[in-house]
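Remarks on the structure that follows.
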Amino acid sequence: MSSTDTYARFYQVIRQVPQGYVVTYGQVAELAGLPRRSRLVGYALRQMPDGVNIPWWRVVNSQGRISPRGLDGCDEYQRILLEEEGVAFNDAGRIDLKRFGWIAD
DNA sequence: AAACTGACTAATA
DNA sequence: CTATTAGCCAGTT
């Protein structure tokens, strides 16, 4: 029982992200009380256990872009979901974190 | 235990 | 702006 709890913290943070906002991997890790575990956030989302419904698509990298997974369609799907929520992408396919970046209370 | 890998980030060129 | 390098920490082999 260690990695499971760690993932649970990430999920808890991500679940708090409101619609129309996004957070970076490092931000999720920091809010979860685990700074510098940005890569673990990616692991957690990759594993994504069933039964845990979380808005994983609101998690992007520090550049405000969708981290490539190698599998086409997944990242594309994420972009569509965000656009549906009101998150705007610029010509470079990036998000303006200054406006859409979520700031915890 | 050691080496490799990765949905990351920040610093350089 | 993009491309490359290095640092990072945990999971996998």
Side-chain angles (χ1 to χ4, degrees):
Chain A
M1 280 299 296
S2 45
S3 57
T4 306
D5 290 342
T6 301
Y7 289 159
R9 286 179 184 240
F10 293 147
Y11 299 144
Q12 185 178 334
V13 173
I14 296 170
R15 206 177 295 126
Q16 293 172 37
V17 181
Q19 179 180 11
Y21 284 88
V22 296
V23 286
T24 66
Y25 292 92
Q27 193 174 352
V28 173
E30 189 171 296
L31 289 172
L34 300 165
R36 286 185 204 162
R37 271 64 173 180
S38 48
R39 289 185 119 143
L40 273 298
V41 178
Y43 270 115
L45 292 178
R46 194 185 190 186
Q47 299 288 270
M48 264 238 272
D50 299 335
V52 183
N53 295 343
I54 61 173
W56 56 268
W57 53 88
R58 291 177 191 151
V59 183
V60 298
N61 62 24
S62 63
Q63 297 180 11
R65 301 187 79 181
I66 298 172
S67 298
R69 305 165 166 72
L71 295 173
D72 294 338
C74 292
D75 51 340
E76 186 179 328
Y77 178 52
Q78 180 174 3
R79 172 172 176 160
I80 294 172
L81 286 171
L82 289 172
E83 290 181 319
E84 289 288 303
E85 293 188 346
V87 177
F89 285 74
N90 58 27
D91 294 332
R94 297 194 346 195
I95 302 168
D96 185 354
L97 294 176
K98 292 286 187 180
R99 295 196 303 178
F100 299 106
W102 177 57
I103 300 176
D105 301 303

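If you're wondering where the values come from, they're calculated on a predicted model, not measured in any experiment. Letters A, B, ... mirror the listed sequences (proteins, then strands); counts begin at 1.
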Among C:dT2, B:dC8, B:dT5, which is the nearest nucleotide to the side chain of A:Arg65? C:dT2

Any donor-acceptor N/O pair, A:Arg37 side chain to A:Pro35 backbone, under 3.5 Å: yes

Starting at CG of A:Leu40 and ending at P of C:dA10, how long is that distance when rounded to a whole Å? 6 Å

Between CG of A:Leu34 and P of C:dG11 the distance, given in whole Å, is 11 Å

Protein-nucleotide distance (A:Asn61, atom CG; B:dG6, atom C1'), rounded to Å: 14 Å

Euclidean distance, atom CD of residue A:Gln27 to atom C1' of B:dA10 [Å, nearest integer]: 16 Å

Counting only heavy atoms from other residues, nucleotides and ligands, does the tally under 6.0 Å from CD of A:Glu76 exceed 12? no

Tell me whether the side-chain N/O atoms of A:Ser62 come closer than 4.0 Å to OP1 or OP2 in B:dC8. no

Would you mind reading off the distance between A:Arg39 atom CZ and C:dC9 atom P, rounded to a whole angstrom? 11 Å

Is the shortest side-chain N/O distance from A:Arg37 to OP1 or OP2 of C:dA10 below 4.0 Å? yes

Given C:dA3, is OP1 or OP2 found less than 4.0 Å from the side-chain N or O atoms of A:Gln63? no

Distance in angstrom units between A:Tyr43 OH and C:dT12 P, rounded: 7 Å

Minimum side-chain heavy-atom gap A:Trp102-A:Arg58 below 4.5 Å: no

Quick check on side-chain contact (heavy atoms from CB on, under 4.5 Å): which of A:Asp96, A:Leu82, A:Val17, A:Ile66 does A:Val22 satisfy it with? A:Leu82

B:dT9, B:dG6, C:dC8: which one has an atom nearest the side-chain heavy atoms of A:Arg36? C:dC8

Answer with base, sugar-phosphate or nothing: what part of the nucleic acid does A:Glu30 contact at a heavy-atom distance below 4.0 Å? nothing

Between atom CG in A:Leu45 and atom C1' in C:dA10, what is the gap in whole Å? 15 Å

A:Arg94 side chain near C:dC1 phosphate (N/O to OP1/OP2, under 4.0 Å): yes

Spacing between A:Asp5 atom CG and C:dG11 atom P, to the nearest angstrom: 12 Å

Cationic N near anionic O, under 4.0 Å, A:Arg36 to A:Glu30: no

Hey, which of these two, A:Gln47 or A:Ser38, hits DNA chain C nearer its 5' end, going by closest nucleotide? A:Ser38

